[in-house]
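Hydrogens, waters and symmetry mates play no part in the numbers below; they use all other heavy atoms, side chains included. These numbers were taken from a predicted model, which means no experiment stands behind them. First the proteins, then the strands, lettered A, B, ... as listed; each starts at 1.
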2 protein chains.
Amino acid sequence: MLSKKTRYALKALVVLGKNFGGAPMQISKIASEEHIPKKFLEQILLDMRNAGLLYSKKGSGGGYGLVKDPAEIYMVQVLRLTGGPVALLPCVSLNFYQKCDECTNEATCGVRDVFVEVRNATLKILSETSIADVINREEILIKNFEE
Amino acid sequence: MLSKKTRYALKALVVLGKNFGGAPMQISKIASEEHIPKKFLEQILLDMRNAGLLYSKKGSGGGYGLVKDPAEIYMVQVLRLTGGPVALLPCVSLNFYQKCDECTNEATCGVRDVFVEVRNATLKILSETSIADVINREEILIKNFEE
DNA sequence: ATAAAAGACTACTAAATCTATATACTTTAT
DNA sequence: ATAAAGTATATAGATTTAGTAGTCTTTTAT
């Protein structure tokens, strides 16, 4: 499961994506719109700012905005940035690799082999889907929902 | 990430799969072979027995064995049985569904939509791969490894 | 110049979950 | 009868996650 941190980050980026090009958006606005605890969101946005994904502006009229076009921000980036595991086993993770202590020979582990496949399938989707894609999907969903 | 419980369960089932048709295998043997804490493994095997996946025999010469052919036990079953989440979001899980409290309209959530896709891809692999397949994979891996 | 707005940064706490261990009991083979 | 092996429940310890609190800094408006 993804952590709340990762979930909140994705939600916030979608909101900021919709706002791309406009004036910076305040944390409290994002927080109330998306039902995210404000103080928690502060930390998350800060992380993403420090990673270069967002810019921030202090003072009156300040807030957060996307640095890049939402079409260039991929979901996998957000997962990794917020520490979300893409792989289901540590020994299969590309960015957070860790040996399984119980395993004697990783190279011949059949369970691992299956989860490499799972990781590849997941990674394919998450590295092909951008925040802009998510926004597009939402528009389609809303259309279908209203019918 | 999968829990250790799930990982241990899968490992144990692979060992029991290799032993299918033979005499019951003792917990302590499985535990030492796979480097799993014995007492922890006891609980896990019990769970799987209560779920009808394993049989057990008490007393001298007792132990555990698979009830069904390893070709008929699918990885997804093991994940679900040991509480492992297949989905990356609670609102996307088929067997452990839970509403995301922050979400206002699930039906039009783009993030969710993407993770439905991820779940489907994962599920496809895990519900097509049996313990017997894992054992086969291991044989292939060993062959390639020895070359 | 000053006050208010808004983010930056650090620390901490509470809750949940996971992993593992301990203890006592039951069944079965010899 | 005894030893081997699983059954069952409780609990402890560790780790992670989620969330809160408080203070500091920067910027804008007046």
| task | Mind checking salt bridge (charged side-chain N to carboxylate O under 4.0 Å, His left out) for B:R137 and listing every partner two or more places apart, or none if nothing turns up? | result |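 Only A:D113, A:E117 meet the salt bridge (charged side-chain N to carboxylate O under 4.0 Å, His left out) criterion with B:R137.
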Heavy-atom distance under 4.5 Å between the side chains of [X] and [Y], does that happen here?
| X | Y | result |
| --- | --- | --- |
| B:L126 | B:Y74 | no |
| B:V116 | B:R119 | yes |
| A:V114 | B:L10 | no |

Distance from [X] atom [atom1] to [Y] atom [atom2], nearest 0.5 Å?
| X | Y | atom1 | atom2 | answer |
| --- | --- | --- | --- | --- |
| A:M25 | A:L45 | CE | CG | 10.5 Å |
| A:L88 | B:L79 | CG | CG | 7.5 Å |
| A:L53 | A:E72 | CG | CD | 11.0 Å |

| message | Pair A:K4, B:D101 - check salt bridge (charged side-chain N to carboxylate O under 4.0 Å, His left out), show working. | response | CA-CA 10 Å; A:K4 291 230 172 188; B:D101 1 280; 2.7 Å; yes
| For DNA chain C, which residues in residues 7-16 of chain B have a heavy atom at a distance below 4.0 Å? |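 The answer is B:Y8.
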| task | Name every residue in residues 29-36 of chain A that has at least one heavy atom under 4.0 Å from any atom of DNA chain C, in order of residue number, or write none if there are no such residues. | result |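 None - not one residue of the stretch has a heavy atom sitting under 4.0 Å from the strand.
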| query | Nearest heavy-atom pair of A:T82 and A:A9: which atoms, and what distance? | reply |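 For A:T82 and A:A9, the tightest heavy-atom pair comes out as CG2-CB, 3.7 Å.
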| query | Which heavy atom in A:F115 sits nearest to a heavy atom in B:M75, and how many Å separate them? | reply |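 Nearest heavy atoms, A:F115 then B:M75: CE1-CE, 3.5 Å.
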| task | Would you mind building the protein contact string for nucleotides 5-15 of chain D? One character per nucleotide, 5' to 3', B for base within reach (heavy atoms under 4.0 Å), S for sugar-phosphate only, - for untouched. | result | BSBB-B-----
| message | Between B:Y8 and B:F40, is the ring pair (Phe, Tyr, Trp, His ring centres under 6.0 Å) condition met? List the steps. | response | CA-CA 9 Å; B:Y8 292 159; B:F40 196 14; 5.7 Å; yes
| task | Taking heavy atoms of chain B and a 4.0 Å limit, find me the 5'-most and 3'-most nucleotide of DNA chain C within that range. | result |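 Nucleotide range in contact with chain B: C:dT19 to C:dA29.
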| Euclidean distance, atom CZ of residue A:F40 to atom C1' of D:dA21 [Å, nearest integer] |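 Value for this atom pair: 15 Å.
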| task | Please list, chain by chain and in numerical order, all residues satisfying side-chain hydrogen bond (donor to acceptor under 3.5 Å, both in side chains) with A:S130, sequence neighbours excluded. | result |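 With sequence neighbours excluded, A:S130 shows a side-chain hydrogen bond (donor to acceptor under 3.5 Å, both in side chains) to A:D133, given in chain and number order.
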